[in-house]
Amino acid sequence: MTAPVLQPIGPFDVDLLAELHRRCFTAIWDRPWNAKSFADVLAMPGAAGEIVRLGTEPMGFGITLQTFDEVELLLIGILPEARGRGLAQLLLGNLLSGATACGARRALLEVAEANAGAIACYTKLGFTSCGRRKQYYPGPTDAVLFEKALNSPRIDDKSRQ
Ligand SMILES: CC(C)(COP(=O)(O)OP(=O)(O)OC[C@H]1O[C@@H](n2cnc3c(N)ncnc32)[C@H](O)[C@@H]1OP(=O)(O)O)[C@@H](O)C(=O)NCCC(=O)NCCS
């Protein structure tokens, strides 16, 4: 089987991201994102993202936003035909490693409470629930907040100086 390849998202990927989003996010609680939505988010300081490919074919993507020592997972989506092969686990692991190397000590995300597959994925990667936002998503559907401690050295750690 072809090995997956991760590629950092660049400014010219916004149309591809909008297309991947349209095909990945089809649940009642999902909100639409167009190319401008992606361009706006990727222009924010601390934004990072990767596309995962099998061969040359894009199969999914993930985007994070880091503010000082916290990193938020904004989106992760894998095309339906490529699910169950560990691609989300690979993407998320790589994005969190990158954030950790940049000083993140805590990862956060929110997910629709009915999104059992995503919740299973986050739980497997060590996230635990830490809150709830009532009727946050269309449906209306509650959002569950998840967090994970990351093993960054403290940014003010004297032993690193
Ligand atoms: C959630 C999503 C990203 C998972 O992608 P994926 O590539 O299939 O996930 P992985 O194959 O890396 O799975 C990693 C682990 O998550 C769990 N998992 C993933 N999908 C699951 C499902 N549908 N049911 C149960 N467990 C699941 C499993 O524990 C799996 O590990 P295992 O296969 O060793 O048991 C994908 O289903 C998706 O794109 N969904 C639509 C978009 C979405 O809801 N994104 C998340 C909210 S932003």
Side-chain angles (χ1 to χ4, degrees), residues 1-9 13-44 46-67 70-100 104 106-150:
M1 194 195 295
T2 315
V5 175
L6 298 177
Q7 168 209 337
I9 287 172
D13 291 321
V14 293
D15 289 319
L16 170 60
L17 290 169
E19 174 62 12
L20 289 171
H21 187 281
R22 186 185 67 74
R23 293 167 62 193
C24 292
F25 290 83
T26 55
I28 188 169
W29 53 78
D30 289 327
R31 300 189 179 103
W33 279 56
N34 58 26
K36 182 174 183 313
S37 319
F38 282 101
D40 289 347
V41 159
L42 292 168
M44 293 171 75
E50 289 178 349
I51 291 170
V52 61
R53 293 178 188 271
L54 289 176
T56 57
E57 284 301 306
M59 292 296 168
F61 69 97
I63 296 180
T64 56
L65 187 63
Q66 183 164 354
T67 309
E70 280 193 350
V71 61
E72 184 178 2
L73 177 68
L74 297 184
L75 284 172
I76 186 162
I78 302 295
L79 290 176
E81 60 268 31
R83 289 179 191 164
R85 298 191 202 175
L87 297 184
Q89 201 170 329
L90 177 73
L91 253 182
L92 192 47
N94 209 56
L95 287 168
L96 294 184
S97 295
T100 304
R106 184 178 184 228
L108 293 164
L109 62 85
E110 61 205 13
V111 57
E113 69 170 346
N115 195 345
I119 289 174
C121 183
Y122 301 142
T123 303
K124 180 167 186 194
L125 286 171
F127 282 84
T128 54
S129 67
C130 60
R132 172 176 293 265
R133 290 188 178 141
K134 282 281 185 197
Q135 301 189 359
Y136 181 76
Y137 291 112
T141 304
D142 287 2
V144 184
L145 310 183
F146 279 81
E147 65 178 354
K148 175 181 162 80
L150 303 174

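Numbering starts at 1 and runs along the sequence shown. In each ligand, atom 1 is the first atom listed, and ligand 1 is the first ligand listed. Computed from heavy atoms alone, side chains included, the values below leave out hydrogens, waters and symmetry copies.
- The minimum heavy-atom distance between Asp142 and Tyr137, with the atom names listed, is O-CD1, 4.0 Å.
- Remark: the backbone N or O of Leu90 is not paired with any side-chain donor or acceptor of Asn94 at under 3.5 angstrom.
- Ligand 1 lies under 4.0 Å from heavy atoms of Cys24, Phe25, Ile76, Gly77, Ile78, Arg83, Gly84, Arg85, Gly86, Leu87, Ala88, Gln89, Asn115, Gly117, Ala118, Ala120, Cys121, Tyr122, Lys124.
- A cation-pi geometry, defined here as NZ or CZ lying under 6.0 Å from the six-membered ring centre and within 45° of its normal, does not hold between Arg23 and Phe61.
- Judged by distance alone, the side chain of Arg133 and the main-chain N or O of Leu145 form no donor-acceptor pair under 3.5 Å.
- Between Phe38 and His21, the ring planes lie perpendicular to each other; the angle is over 60°, past the 30° to 60° tilted range.
- A side chain to side chain contact (heavy atoms under 4.5 Å, CB included) with Pro58 is found for one member of Asp13, Leu16, Leu79, Leu17 and no other, namely Leu16.
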